[in-house]
Amino acid sequence: MASRLGSLVRESAKNGGRIGSWARSLASADLSRAYSSLGNRPILVDKRGADILHDPWLNKGTAHPQVERDSLGMRGLLPPNVISLDQQVARFGLSFRSLERKTKDGESDVRALAQWRLLNRLHDRNETLYYRVLIDNIKEFAPIVYTPTVGLVCQNYSGLFRRTRGMYFSAKDKGLMASMVYNWPSERVDVIVVTDGSRILGLGDLGVQGIGIPIGKLDLYVAAGGINPARVLPVCLDVGTNNTALLENPLYLGLRQPRLEGEEYLAVLDEFMEAVYLRWPKVIVQHEDFQNKWAFSMLKRYRNKYRMFNDDVQGTAGVALAGILGSVRAMGRPMSDISKMRVVVVGAGSAGLGVVNMVRESMAMAEGVSAETLKKAAENFWILDKEGLVTEERKDMDPDVKDYARSVNGSLALPEGAALLDVVKKVKPDVLLGLSGVGGIFNKQILEAMKHERNHRPAVFAMSNPTSNAECSSTDCFKILGGNCVFASGSPFPDVDLGSGAVGKANQGNNMYLFPGIGLGTYLAGARLVTDGMLHAAAERLASMMSAEDVAKGVIFPPVTDIRAVAKEVGAAVVKAAVDEDLAEGTWSADVRDLRAMSQDEIVEYVERMMWSPAYSPLIYSKSKESI
Ligand SMILES: NC(=O)C1=CN([C@@H]2O[C@H](COP(=O)(O)OP(=O)(O)OC[C@H]3O[C@@H](n4cnc5c(N)ncnc54)[C@H](O)[C@@H]3O)[C@@H](O)[C@H]2O)C=CC1
Ligand SMILES: CC(=O)C(=O)O
Ligand SMILES: [Mg+2]
């Protein structure tokens, strides 16, 4: 059969593709077997012609081979020259470079949006080519589809909106969500990223325009985590906005009403969660960029019921933990010395508190986690919010921060609400960690104060996004602290030339290093829940990927170009943890017994094998579409 199809294809090439009737006369099962033996798994489609060209999951554009053009009624709908996926990638590169040349002297925001538009249009047309381009150029394109440009895109989303992507559930859909989920065209969804748009990066409440974040996160799920793009769903819950500029903007596409509060808000969230699990019982739901007042409570409400996690609270925590472990090693100390670190955290929101909770647990682990060791570990943190240092004298204390409130007496005592500079001068921290959303708050004086005798290799993490909200830049940090400090930021910053061959290494400390692997591992494990054990395993695997030579140079995270390998390793660690915790049910391709029988290396191989990668599959017409 393979040779019959091969000869058909060769024949077609010779005679200009006049084999439509032959190809159609072959039973689709024969064709599918034939295609299988040629390589990619074929896809049965119940569409033809222009409908395929307008379906980004199926469209190959100029790469549709002649046999498909004939069998699927596309002859004449495309220019006659058939080109390959590689050639299409190269053509996209040429057109992207030409845009770069044309916009190089223009305003940087205009240029960034033009670059995003070019990628977005490709995403809308042809998902296979889009992800191939993204994977092949991840270092260059992640900052466009993800932070920082995605922030700018969200700020302008209503004006940029052309073709819809994802789903919107609003307060107006009450009682209808269980039927609405069936409007989504894909029968299978593995990962949903959902936001309510209330705290988009460090840019505040962007209402329905926050949809750009789930889209960008899911781009990384596909490109890094190898999740099939036909099985991801970005969602925005439109519960109103308190952003008056948006409410007054005639272009704004969301509901023009203040945000729902209390029971009304909860009713939307509950109905949404129930609806998606009704249609897709095994889906993983990632909560993203919910304002602090809801992030923790939603996590507590759902994490023991559904297969879900909050990326800002839990993904960020794992990345910061891995970064701090790397910094401890960079100081020339064993990882167990994490329990001796003094950490000043600026920002007591969902991200900041998520980080301190996880790092504290890791500190306590050295001596065995107990109420006593956790209490002792909490003393390693000084937490500031917009009112300054949180002490036991704080009025209306957030219960989530209470454990970390500092005493106003004794050694290292500081007054309630003490300013950051005073805290840094007195505490002389090993790690200064920013998750405040306040751009430039680590100013010259603060960074000068980080030069102290307690630690000649301190770590500065300016983790807020996007770039303009980073607490300091790599240049500020290295120019003041010298090449010895360890620097990480949420959005990418360049390495810094310190003269005489010395280079300050700018690490990107972003939850993008963990969430794709957490989702991938949870999915392949078929884990019922996402547990702390799985999250610790993910963070520890990320930390362990850095070699002694890397950390000695101040490199504490892998390069973005390795993000697919990171997701694979993290995913495998999550699978293993889920199996060890007896939470794994496996999937159709490996059930729990298969997973249990695998060695660690075999799990890594299995995860890699299961990762989707972009390649064109042969398309075969069938009236009743079923997977083969
Ligand atoms: N690098 C990464 O992977 C991640 C970065 N982030 C970034 O972290 C930032 C904060 O996110 P969330 O915690 O979710 O926000 P949030 O709104 O929950 O918390 C912000 C916190 O910063 C505090 N704050 C505001 N102004 C301050 C000031 N002048 N001094 C000290 N503290 C101040 C607030 O009181 C609040 O405690 C955002 O910019 C976000 O982009 C969040 C998640 C992951
Ligand atoms: C990276 C991320 O999740 C944030 O800035 O919110
Ligand atoms: Mg986020």
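Every number for a ligand or one of its atoms is a count from 1 in the order of the listing. None of these values were measured; they are calculated from a predicted model.
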Look at [atom] and say which protein heavy atom is nearest, naming residue and atom and giving the distance to 0.1 Å.
{"atom": "atom 5 (O) of ligand 2", "answer": "N465 ND2, 2.7 Å"}
{"atom": "atom 32 (N) of ligand 1", "answer": "D385 C, 3.1 Å"}
{"atom": "atom 13 (O) of ligand 1", "answer": "A351 N, 2.9 Å"}
{"atom": "atom 3 (O) of ligand 1", "answer": "N511 N, 2.8 Å"}
{"atom": "atom 14 (O) of ligand 1", "answer": "S350 OG, 2.5 Å"}
{"atom": "atom 44 (C) of ligand 1", "answer": "T316 OG1, 3.0 Å"}
{"atom": "atom 9 (C) of ligand 1", "answer": "S464 OG, 3.5 Å"}
{"atom": "atom 6 (N) of ligand 1", "answer": "L435 CD2, 3.7 Å"}
{"atom": "atom 34 (C) of ligand 1", "answer": "K386 N, 4.0 Å"}

Should one rank [options] by closest heavy-atom distance to [atom], which comes out on top?
{"atom": "atom 22 (O) of ligand 1", "options": "G323, A488, G347", "value": "G347"}
{"atom": "atom 40 (C) of ligand 1", "options": "R199, M463, E471", "value": "R199"}
{"atom": "atom 4 (C) of ligand 1", "options": "V401, N465, I441", "value": "N465"}
{"atom": "atom 39 (O) of ligand 1", "options": "G202, S489, G349", "value": "G202"}

Relative to the heavy atoms of [X], which atoms of ligand 2 are at a distance of less than 4.0 Å?
{"X": "L201", "value": "4 (C), 5 (O), 6 (O)"}
{"X": "D312", "value": "2 (C), 3 (O), 4 (C), 6 (O)"}
{"X": "K217", "value": "1 (C), 2 (C), 3 (O)"}
{"X": "E288", "value": "3 (O)"}

Notebook entry, point to check: Are any side-chain N or O atoms of D238 and backbone N or O atoms of V208, one a donor and one an acceptor, separated by less than 3.5 Å?
Noted result: no
Next item on the list: Indicate yes or no for a side-chain donor-acceptor contact from Q508 to the backbone of G490 under 3.5 Å, with no hydrogens or angles considered.
Entry: yes
Looking only at non-hydrogen atoms, find the nearest pair between [X] and [Y] and report the distance.
{"X": "R360", "Y": "L374", "result": "NE-O, 3.0 Å"}
{"X": "H452", "Y": "P429", "result": "NE2-O, 2.8 Å"}
{"X": "L353", "Y": "A348", "result": "CD1-O, 3.4 Å"}
{"X": "L260", "Y": "A171", "result": "CD1-CB, 3.6 Å"}

Can you find an N/O atom of [X] closer than 3.5 Å to an N/O atom of ligand 1?
{"X": "V438", "value": "no"}
{"X": "G490", "value": "no"}
{"X": "V346", "value": "no"}

Note to self: If we check side chain to side chain donor-acceptor pair (under 3.5 Å) with K217, which of these qualifies: D289, T195, N511?
What the structure shows: N511
Check: Which residue, N357, N380, T391, forms the side chain to side chain donor-acceptor pair (under 3.5 Å) with Y404?
Finding: N357
Check: Going by heavy atoms, is M463 under 4.0 Å from ligand 2?
Finding: no
Margin query: Heavy-atom contact check, 4.0 Å cutoff: does T147 meet ligand 2?
Written below: no
Check: Heavy atom under 4.0 Å from ligand 2: found in D289's side chain, backbone, both, or neither?
Finding: side chain
Note to self: Side chain, backbone, both or neither: which applies to N511 and ligand 2 if a contact is any heavy-atom pair less than 4.0 Å apart?
What the structure shows: side chain
Item checked: Identified side chain to side chain contact (heavy atoms under 4.5 Å, CB included) counterpart of D205 within the set Q291, R259, R199 -> R259
Next item on the list: Run through I284, V570, D190, I227 and flag the one making a side chain to side chain contact (heavy atoms under 4.5 Å, CB included) with L520.
Entry: I227
Item checked: Sub-4.0 Å heavy-atom contact, N510 with ligand 1 -> yes
Next item on the list: Please state whether N469 comes within less than 4.0 angstrom of ligand 1, counting heavy atoms only.
Entry: no
Margin query: S544 vs R541, test: side-chain hydrogen bond (donor to acceptor under 3.5 Å, both in side chains). Steps then yes/no.
Written below: CA-CA 5 Å; S544 70; R541 184 66 194 105; 2.6 Å; yes
Could you check whether [X] pairs with [Y] (Lys NZ or Arg NE/NH1/NH2 to Asp/Glu carboxylate O, under 4.0 Å)?
{"X": "D550", "Y": "R329", "value": "no"}
{"X": "E261", "Y": "K293", "value": "yes"}
{"X": "D385", "Y": "R394", "value": "yes"}
{"X": "D430", "Y": "R342", "value": "no"}

Numbering as shown, the atoms of ligand 1 that approach [X] to under 4.0 Å (heavy-atom distance):
{"X": "G437", "answer": "9 (C), 39 (O)"}
{"X": "A348", "answer": "21 (C), 36 (C), 37 (O)"}
{"X": "N292", "answer": "18 (O)"}
{"X": "G509", "answer": "1 (N), 2 (C), 3 (O)"}

Next item on the list: Would you mind counting protein N, O or S atoms that sit less than 2.8 Å from the Mg ion (ligand 3)?
Entry: 3
Determine the interplanar angle of the [X] and [Y] rings, folded into 0 to 90°, and report it as parallel if under 30°, tilted if 30 to 60°, perpendicular if over 60°.
{"X": "H123", "Y": "Y131", "result": "perpendicular"}
{"X": "Y302", "Y": "H287", "result": "perpendicular"}
{"X": "Y265", "Y": "W294", "result": "parallel"}
{"X": "Y157", "Y": "F161", "result": "perpendicular"}

Next item on the list: Could you please spell out the steps behind the side-chain contact (heavy atoms from CB on, under 4.5 Å) verdict for S327 and F461?
Entry: CA-CA 10 Å; S327 307; F461 291 0; 3.5 Å; yes
Check: Purely on distance, is any nitrogen or oxygen of Y146 under 3.5 Å from one on ligand 2?
Finding: no
Check: Side chain or backbone of D311 under 4.0 Å from ligand 1, or both, or neither, by non-hydrogen atoms?
Finding: neither
Item checked: Residues Y252, N243; criterion side-chain hydrogen bond (donor to acceptor under 3.5 Å, both in side chains); working and verdict -> CA-CA 11 Å; Y252 183 60; N243 181 329; over 6 Å; no
Notebook entry, point to check: Can you find a pair of side-chain heavy atoms, one from T149 and one from Q115, that are under 4.5 Å apart?
Noted result: no
